[in-house]
Amino acid sequence: MTGPDPGVYISSAQMYQEVRDLAQTVGRIESKVDGFLDETKDIRGDLQDHELRIRTLERARWPMPTIGVLAGVAGAATGALALFAR
């Protein structure tokens, strides 16, 4: 007949070391998360800058089709004048 299972004994020193290792691991994870948060702030700033630059380019570009239409109308008018002037 066998006796009762004595179980596993974990000493206070072993428990303390495990808690210290866990605290160090959590500290490393926190520093990595902080790094990621800083990077996302930089990315958000870059995104806002790019958005502003794109909007500026879009606003500066709208006269181009208008100028093209006016040049076409002027060319057609000049051609019509030349045709009817003969």
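Values below: all heavy atoms of this structure, side chains included; hydrogens, waters and symmetry mates excluded.
In this structure, the side-chain hydrogen bond (donor to acceptor under 3.5 Å, both in side chains) partners of Gln17, at least two apart in sequence or on a different chain, are Asp21. Residues satisfying the side-chain hydrogen bond (donor to acceptor under 3.5 Å, both in side chains) test with Asp34, not counting sequence neighbours, are none. The salt bridge (Lys or Arg N to Asp or Glu O under 4.0 Å) check on Glu58 picks up Arg55, with sequence neighbours excluded. Ser11 pairs by the side-chain contact (heavy atoms from CB on, under 4.5 Å) definition with Tyr9, Ala13, Gln14, not counting sequence neighbours. Evaluation of the side-chain contact (heavy atoms from CB on, under 4.5 Å) rule for Thr66 yields Trp62, Leu70 as partners, not counting sequence neighbours. Considering only residues two or more places apart in sequence or on other chains, Glu30 meets the salt bridge (Lys or Arg N to Asp or Glu O under 4.0 Å) condition with none of them.
Val33 belongs to a hydrophobic cluster whose remaining members, ordered by chain and number, are Ile29, Leu37; membership requires side-chain heavy atoms of ILVMFWY residues under 4.5 Å apart, directly or through intermediates. Applying the 4.5 Å side-chain rule to ILVMFWY residues, one finds Val69 in the same cluster as Val73.
How far CG of Asp38 is from CG of Asp42: 7.0 Å, rounded to the nearest 0.5 Å. The OG1 atom of Thr56 sits 10.0 Å away from atom CD of Glu51, with the distance rounded to the nearest 0.5 Å. Residue Thr40 holds its OG1 atom at 4.5 Å from CZ of Arg44, rounded to the nearest 0.5 Å.
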